[in-house]
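Everything below concerns the one structure shown next.
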Amino acid sequence: ACSAFSQKSCDECLKNVSCLWCYTNNTCIDYPVRSILPPSSLCSLSNAQWGVCWINFEALIIAIAVVAGLILVSIAVCCCYCCYCKRRSRSRPDEEEEQLARKREERRLQSLQRKHERKLKHDEIRKKYGLLQDSDNPYSRFENE
C-alpha cells in the first residue's frame, strides 16, 4: 500500500505508479483513479508529485497539455499544407496543358506556313518547265502525238 511509504521519501513513494506524493504533509497516498485529477482536498496540484519527483503534478499536466497541443497543431498544419499542395499541383497540370496546347498550335501553324511556301516554290518550278497550266489562260492547246 502507498501509505506505507509516508514520511519516507518521494522517490521511494513514486516507485509504485499507483502512488501520489504530497509535499504539504510528506505523505504517500493512493492515486484517486476514479477522478482524473486528484481533488484539492486530498492534495493541491502544485504540491502533488506523480510519476517523477522533480516536477509537480500541475507542471506535469501543463507540460503534457502543451506537448499534446503542439502535436495537434503540427498535424493540422501538415494536413492544411498537404491539401494546399494537392490543390496547387492540380492547377499546375492545367497550366502546363494550356502551354503545351499553345506550343502545339504554334508548331502546326509554322508547319502549314512551310507547306504553303514549298507549294509555291514547286508551282514556280512546274510553271517554269511547263508542267503547270497557266491560270491566266485556261484554254490550252490539245496536242496529239
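All residue numbers refer to positions in the sequence shown, counting from 1. The model shown is predicted, which means the values in this text are computed figures rather than measured ones.
Side-chain atoms of W50 come within 3.5 Å of backbone N or O of V17 as a donor-acceptor pair. Within the 3.5 Å criterion, the main-chain N or O of C19 finds no donor-acceptor partner in the side chain of D30. A distance-only check finds a donor-acceptor pair linking the side chain of S9 to the backbone of E12 [under 3.5 Å].
Annotation: the span from F57 atom CZ to Y31 atom OH amounts to 3.5 Å, rounded to 0.5 Å. For the atom pair CD (E98) and CG (L100), the distance works out to 10.5 Å, reported to the nearest 0.5 Å. Considering CG of N25 and OG of S6, their distance stands at 8.0 Å, rounded to 0.5 Å. For the atom pair E105 CD and R107 CZ, the distance stands at 10.5 Å (nearest 0.5 Å). Distance check, rounded to the nearest 0.5 Å: CZ of R102 to CD of E97 gives 12.0 Å. Remark: L42 CG to T27 OG1 distance equals 7.5 Å, nearest 0.5 Å.
Criterion: ILVMFWY side-chain heavy atoms under 4.5 Å apart, direct or through other members. Under it, V52 and Y23 are not part of a common hydrophobic cluster. Residues L37 and I64 fall within the same hydrophobic cluster, defined by Ile, Leu, Val, Met, Phe, Trp and Tyr side chains chained together at heavy-atom separations under 4.5 Å. Hydrophobic clustering (side-chain heavy atoms under 4.5 Å, transitive across Ile, Leu, Val, Met, Phe, Trp, Tyr) groups V67 together with I75. The same ILVMFWY cluster, assembled from side-chain heavy atoms under 4.5 Å apart, contains both L45 and I55. Hydrophobic clustering (ILVMFWY, side-chain heavy atoms < 4.5 Å, transitive): I61 and W54 are in one cluster.
Taking the side chain as every heavy atom from C-beta outward, W21 and N26 approach each other to under 4.5 Å. The shortest distance between side-chain heavy atoms of L20 and P38 falls below 4.5 Å.
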Item to check | Derivation and outcome, side-chain contact (heavy atoms from CB on, under 4.5 Å), residues L112 and R108 | outcome: CA-CA 6 Å; L112 287 174; R108 189 183 68 79; 3.3 Å; yes
Next on the checklist: side-chain contact (heavy atoms from CB on, under 4.5 Å) for T24 and C43? Distances and angles first, verdict last.
Outcome noted: CA-CA 8 Å; T24 52; C43 187; 4.3 Å; yes
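Taking each heavy atom of L14 and Q49 in turn, the nearest pair found is CD2-O, 3.7 Å. Summarising the geometry of S35 relative to P39, their closest heavy-atom pair is OG-CD, 4.0 Å, with the distance given to 0.1 Å.
S18 meets the side chain to side chain donor-acceptor pair (under 3.5 Å) test with N16; sequence neighbours excluded.
Disulfide check for C13/C28 passes, with the SG atoms closer than 2.5 Å.
Sorted pairs that involve residues 101-132 and meet disulfide bond (SG atoms under 2.5 Å apart), not counting sequence neighbours, are lacking altogether.
Tested against D123 for a salt bridge (Lys or Arg N to Asp or Glu O under 4.0 Å), the candidates K119, K127, K121 yield a single pass: K119.
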